[in-house]
Amino acid sequence: MGQGQAERPQGPLRCQPRPHHARHGATGSNWRRRAATARGDVEELVAIKSRDLASGHGYLEIAEIWVKAGQPDKALAWAEHGLKAFPQRPDNRLRDFLVTAYLDHQRNDEALALTWVQFDENPRLQTFSKLQAVAGKLGTWPVQRERALSGLDDSIAREAAMTNRWKPKPSVPNQSLPVDIALWEEGLDAAWAAAHRGICDRHLLILLAGKLEAGRPEDAVSLYRRVVPLIVETTLTDVTRRYLHAERGLASMLI
C-alpha cells in the first residue's frame, strides 16, 4: 500500500450522493466541503478530506476537524495514522499536534519522546524551546535540559573533529547554537563562555555584546573587536566580487 493510500482509522464515513454539477474536479470537492461544513456534518467532511491524504498534513486537517467536533480520541487516532503513514517525511506540525494530544491523554512519556525526536533530528533553538515547554509541564526540565546541552556539546565536538576528503583537518567547534540558547535563557555568563569555546555567528556575537554593554563594557568591546574583522572581510570579499563582475562586463563590451 502506497504512502498516499495508508490504512485509515476505522469508523463510519458516510458519503451522500454528489450533485450532478459537482461531480468533477476541485470545484465539486470544494462545493461538497462547504455544504458539509454548513450542515455540521463532520463525518461527511472527514470523508471528503480523507480522499486527499498525500501528506501528513492531510491527516492533521482531519484530526483538527475531530478536535473541533469534541472527539479527541478520533483526532488522536487520525494523527497517529498520519505519522505512521509517512515515516520518511514526517510533518512536524502533525508531531506537535500529537504531543499536545498525548499530554491531554496523560501519555506523557510519548509526548516527551516525540519532542526529543524533533530536537535530535534538527537541534536548534526552536526544537530546544519545544523541549522546554513539554518538559516544563512535566516537571522534568532540569534533567532534560542537561541531557540536551550535554548531547549538543558532544555533537559539536564530533562534528569539529570529523575529517574527510574535503575536510582533511579538524575544525574549530561552532558554538552558535549554545550561544543562541544561552541568550534565549538570558544566561549572559553561559553565552560568554560558549562564545569563547569556538567560532560563532557574528550576529549572535553582536547581540551578546549589546546585552553586555551596560554591566560589562570591556567584555562588550572585546566582542565588537572580534566581530569587526569578520565584517570587514565579508565586505571586502563582496566588493571584490562586484569589481570582478564589473571588469568582466566592461571587457566584454570592449571586445
Side-chain angles (χ1 to χ4, degrees), residues 3 6 53-61 63-64 75-167 170-187 190-191 193-201 203-205 207-208:
Q3 286 189 332
L53 296 174
S55 69
H57 188 257
Y59 287 86
L60 175 60
E61 289 183 329
E64 289 173 337
L76 178 59
W78 274 94
E80 288 183 322
H81 265 69
L83 196 62
K84 293 176 182 177
F86 301 96
Q88 302 304 319
R89 47 189 181 98
D91 190 315
N92 280 335
R93 294 167 297 182
L94 185 59
R95 285 171 163 172
D96 291 341
F97 178 94
L98 268 173
V99 168
T100 300
Y102 284 149
L103 291 173
D104 291 341
H105 284 75
Q106 301 299 310
R107 293 167 62 176
N108 298 338
D109 290 344
E110 290 167 280
L112 185 59
L114 193 54
T115 310
W116 264 107
V117 167
Q118 293 193 55
F119 181 76
D120 288 337
E121 286 181 353
N122 187 15
R124 53 179 177 149
L125 181 58
Q126 182 185 24
T127 51
F128 183 85
S129 66
K130 288 182 181 181
L131 265 180
Q132 190 275 338
V134 174
K137 290 179 180 179
L138 301 179
T140 62
W141 177 233
V143 173
Q144 304 303 325
R145 176 182 180 275
E146 177 60 29
R147 173 185 166 186
L149 294 180
S150 177
L152 181 59
D153 287 342
D154 291 344
S155 176
I156 291 172
R158 285 195 304 271
E159 185 174 347
M162 182 182 65
T163 59
N164 53 41
R165 178 180 176 183
W166 298 273
K167 183 174 172 274
S171 57
V172 179
N174 189 330
Q175 295 291 327
S176 295
L177 182 53
V179 171
D180 201 12
I181 289 173
L183 287 171
W184 179 71
E185 294 182 328
E186 299 184 355
H196 286 78
R197 289 198 297 267
I199 61 174
C200 179
D201 184 280
H203 300 293
L204 292 172
L205 294 178
L207 181 59
L208 175 57

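Sequence positions, counted from 1, serve as the residue numbers for this chain. Model, not experiment: these values are computed from the prediction.
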Would you tabulate the side-chain donor-acceptor contacts of residues 172-183 under 3.5 Å, counting partners in other chains and residues two or more places apart, or write 'none'?
unit_1	atom_1	unit_2	atom_2	d
N174	OD1	S176	N	3.0
N174	OD1	S176	OG	2.7
S176	OG	D201	N	2.9

Nearest 0.5 Å, what's the CG-NE2 distance between L53 and H81?
11.0 Å
Between CG of L152 and CZ of R124, what distance do you get to the nearest 0.5 Å?
14.0 Å
Listed partners of H57 passing ring-ring contact (aromatic ring centres under 6.0 Å, His included), at least two apart
none
Which heavy-atom pair separates A101 from L76 by the least distance, and what is that distance?
CB-CD1, 3.8 Å
When you look at CD of E186, are more than 12 heavy atoms from neighbouring residues, nucleotides or ligands closer to it than 6.0 Å?
no
Mind telling me whether W78 and Y59 have parallel, tilted or perpendicular rings, with 30° and 60° as the class edges?
tilted
Nearest 0.5 Å, what's the CG-CG distance between L98 and D104?
11.5 Å
Other residues, nucleotides, ligands: >12 heavy atoms within 6.0 Å of D109 CG
no
Minimum heavy-atom separation for E80 and Y102, please, with both atom names.
OE2-OH, 2.9 Å
Please report, to 0.1 Å, the donor-acceptor pairs under 3.5 Å made by any side chain of residues 157-166, with sequence neighbours excluded.
unit_1	atom_1	unit_2	atom_2	d
N164	OD1	W166	N	2.9
N164	OD1	K167	N	2.7

With the side chain counted from C-beta on, respond yes when R145 and E185 share a heavy-atom pair under 4.5 Å apart, and no when they do not.
yes
Side chain to side chain donor-acceptor pair (under 3.5 Å) filter on H196, not counting sequence neighbours, yields none
Nearest 0.5 Å please: distance from the CH2 atom of W141 over to the CD atom of E146.
10.5 Å
Nearest 0.5 angstrom please: H105 NE2 to T100 OG1, how far?
12.0 Å
Should L114 and L83 count as side-chain neighbours, where that means a heavy-atom distance under 4.5 Å?
yes
Nearest heavy-atom neighbours spanning A148 and F119
CB-CE2, 4.0 Å
A195 and L205 have their tightest heavy-atom pair at CB-CD2, 3.8 Å
Show me, pair by pair, the donor-acceptor contacts under 3.5 angstrom made by side chains of residues 130-138, not counting sequence neighbours?
unit_1	atom_1	unit_2	atom_2	d
K130	NZ	D96	OD1	3.1
K130	NZ	D96	OD2	3.0
K130	NZ	Q118	OE1	2.8

Keeping the roles fixed (side chain from T115, backbone from A111), state whether a donor-acceptor pair exists under 3.5 Å.
yes
Side chain to side chain donor-acceptor pair (under 3.5 Å) partners for T127, two or more places apart:
none
